Number of protein chains: 2
Amino acid sequence: MEDSKLKLENQICFPIYSTSRLITKAYKPFLDEIGLTYPQYLVLMVLWETDEISVNKITQKLMLNTNTISPLLKRMEKLELLKRSRSTKDERSVNVKLTEKAKQLKTGARPIPEKLLKTLLNENINLTDVLQLKEMLNEWIKILADKTKNID
Amino acid sequence: MEDSKLKLENQICFPIYSTSRLITKAYKPFLDEIGLTYPQYLVLMVLWETDEISVNKITQKLMLNTNTISPLLKRMEKLELLKRSRSTKDERSVNVKLTEKAKQLKTGARPIPEKLLKTLLNENINLTDVLQLKEMLNEWIKILADKTKNID
DNA sequence: TAAGTTTGCATCGCACACGATATAATCGCT
DNA sequence: AGCGATTATATCGTGTGCGATGCAAACTTA
């Protein structure tokens, strides 16, 4: 019986899982400086782009469910990074708005993407590789988002 | 001021993070059938390859710390998937050994890698792409494991 | 317009990840 | 042999992720 497929080193999924964790770890020193966790940083990236946005829109952009986003936003509100308020148009909907404090954090965050990219580029991986990888992952995200949409 | 780098869609890290979560989700139906979580499945892949292995070796292979692995193994012992016992040679070390139940789970797990791969391949992504991606990720893991080894 | 369905958000419980810390065993150096 | 440093593992607290469930507002459709 051939079991090589069950070996860790032959999996494609394990390297993605590990890389993801290691990248989050690589962010840590930079995010510590501005007092953010990685998921909080993701939320702020959404809000820096579009202040005043509904919880639902955030879940869509980050592909996370409300049972992850709601407590995350709650913690961020406690950190005075944002304000939540019921929409008047649709009472079910909650709008999220940045505080001045969070807007100013953007200055500290601006150099982070470049720093991370510098960490990831070396003699074996160039920018073209990275962009190619990004395309491929986005393709996978499309496939997987579709195939897993009924799994909860 | 150019802020395009702070946009979610221009990040390479976010697609990796999302793909990782979506892949775990894609595993779920298959792992549910044999009553495992994804990290538990990873531990078993290590043990199916080498039964009787120290906790330390497992942390190295999975690149996870003991504060993640210890409780994980404890839960798995409660599920009767493995036994833990102090090494006689080195009383600090704990050896992990599969139960018969876990060994038999391997039969149920055998088709899983192929199923997952089938999910990931389509008209836009072929096996060569996947293998190329794996190489690139392994390169990143090397870089990141080194650069983050002092971050805790 | 009334009843059933869907939608938007929240809460609860559980399983990771991981920083900080603790403890015991072993190692290294004198 | 003795003692400080290192190593292997465990525990605690916090922050995600996410399945299950709850609830109220909005929608649908008879």
Side-chain angles (χ1 to χ4, degrees), chain A residues 17-29 31-32 35-43 53-60 62-79 81 84-96 145 148-152, chain B residues 17-29 31-32 35-43 53-60 62-79 81 84-96 145 148-152:
Chain A
Y17 163 80
S18 295
T19 305
S20 179
R21 283 191 306 104
L22 286 168
I23 285 181
T24 302
K25 197 172 180 177
Y27 268 103
K28 192 168 188 315
L31 292 178
D32 274 352
L36 294 174
T37 66
Y38 184 64
Q40 288 169 2
Y41 171 65
L42 292 181
V43 170
I53 191 174
S54 71
V55 171
N56 190 33
K57 279 273 163 50
I58 296 175
T59 66
Q60 285 174 25
L62 299 183
M63 292 184 284
L64 290 164
N65 292 329
T66 59
N67 51 4
T68 297
I69 291 292
S70 279
L72 181 51
L73 293 176
K74 212 171 170 181
R75 283 187 290 270
M76 291 178 77
E77 189 170 33
K78 195 180 279 181
L79 293 171
L81 295 171
R84 289 181 300 165
S85 57
R86 289 270 158 199
S87 164
T88 48
K89 288 192 208 74
D90 185 339
E91 287 283 336
R92 292 170 306 178
S93 184
V94 168
N95 283 327
V96 179
T148 64
K149 71 181 170 212
N150 294 318
I151 304 173
D152 258 343
Chain B
Y17 162 81
S18 295
T19 305
S20 178
R21 284 191 305 105
L22 286 167
I23 285 181
T24 303
K25 196 171 180 178
Y27 268 103
K28 192 168 190 312
L31 293 178
D32 275 352
L36 294 175
T37 66
Y38 184 63
Q40 287 169 3
Y41 172 65
L42 292 180
V43 170
I53 191 172
S54 71
V55 171
N56 190 33
K57 280 271 163 49
I58 296 175
T59 66
Q60 284 172 27
L62 299 183
M63 293 185 283
L64 289 163
N65 292 328
T66 59
N67 50 8
T68 297
I69 291 293
S70 279
L72 181 52
L73 293 176
K74 212 171 170 182
R75 284 187 291 270
M76 291 178 77
E77 190 169 32
K78 194 178 280 181
L79 293 171
L81 295 171
R84 290 178 301 163
S85 58
R86 289 272 158 198
S87 164
T88 47
K89 288 191 208 73
D90 184 340
E91 288 281 341
R92 294 169 304 177
S93 185
V94 169
N95 283 328
V96 179
T148 64
K149 71 182 171 211
N150 295 318
I151 303 173
D152 260 348

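Because the structure is predicted, anything quoted here is derived from the model rather than measured. Every chain is numbered from 1, with letters handed out A, B, ... down the list of sequences.
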**Asked** With sugar-phosphate meaning primed atoms plus P, OP1 and OP2, does A:T66 contact a base, only sugar-phosphate, or nothing at under 4.0 Å between heavy atoms?
**Response** base
**Request:** May I ask you to evaluate whether A:R75 reaches the phosphate of D:dT14, defined as a side-chain N or O under 4.0 Å from OP1 or OP2?
**Result:** no
**Prompt:** Less than 3.5 Å between a donor and an acceptor, one on the side chain of A:N67 and one on the base of D:dG19, is that the case here?
**Reply:** yes
**Prompt:** What nucleic acid atoms does A:I69 come within less than 4.0 Å of, heavy atoms only: base, sugar-phosphate, or nothing?
**Reply:** nothing
**Request:** Can you tell me the distance, in whole Å, between the CG atom of A:N56 and the C1' atom of C:dT7?
**Result:** 8 Å
**Asked** Phosphate oxygens OP1/OP2 of D:dG17: is one of them under 4.0 Å from a side-chain N or O of B:Y17?
**Response** yes
**Under 4.0 angstrom between A:N65 side-chain N/O and D:dC18 OP1 or OP2** = no
**Item:** No-H, no-angle donor-acceptor pair, B:R92 side chain to D:dT7 base, under 3.5 Å
**Value:** yes
**Prompt:** Starting at OH of B:Y27 and ending at C1' of D:dC18, how long is that distance when rounded to a whole Å?
**Reply:** 19 Å
**Residue-phosphate contact under 4.0 Å: B:T59 side-chain N/O, D:dA8 OP1/OP2** = no
**Item:** Protein-nucleotide distance (B:I53, atom CD1; D:dA8, atom C1'), rounded to Å
**Value:** 14 Å
**Request:** List in chain and number order the residues that pass ring-ring contact (aromatic ring centres under 6.0 Å, His included) with B:Y27, two or more places apart in sequence or in another chain; answer none if no residue qualifies.
**Result:** B:Y38, B:Y41
**Prompt:** For the pair made of NZ in B:K25 and C1' in D:dC18, what is the distance, rounded to whole Å?
**Reply:** 8 Å
**Prompt:** C:dT11 phosphate, OP1 or OP2: any side-chain N/O from A:K74 under 4.0 angstrom?
**Reply:** yes
**Message:** I want to check one thing: is the phosphate of D:dT16, taken as OP1 and OP2, less than 4.0 Å away from some side-chain N or O of A:T37?
**Reply:** yes
**Message:** Quick check against the 3.5 Å criterion: does B:N65 have a side-chain atom that pairs as donor or acceptor with the backbone of B:N67?
**Reply:** no
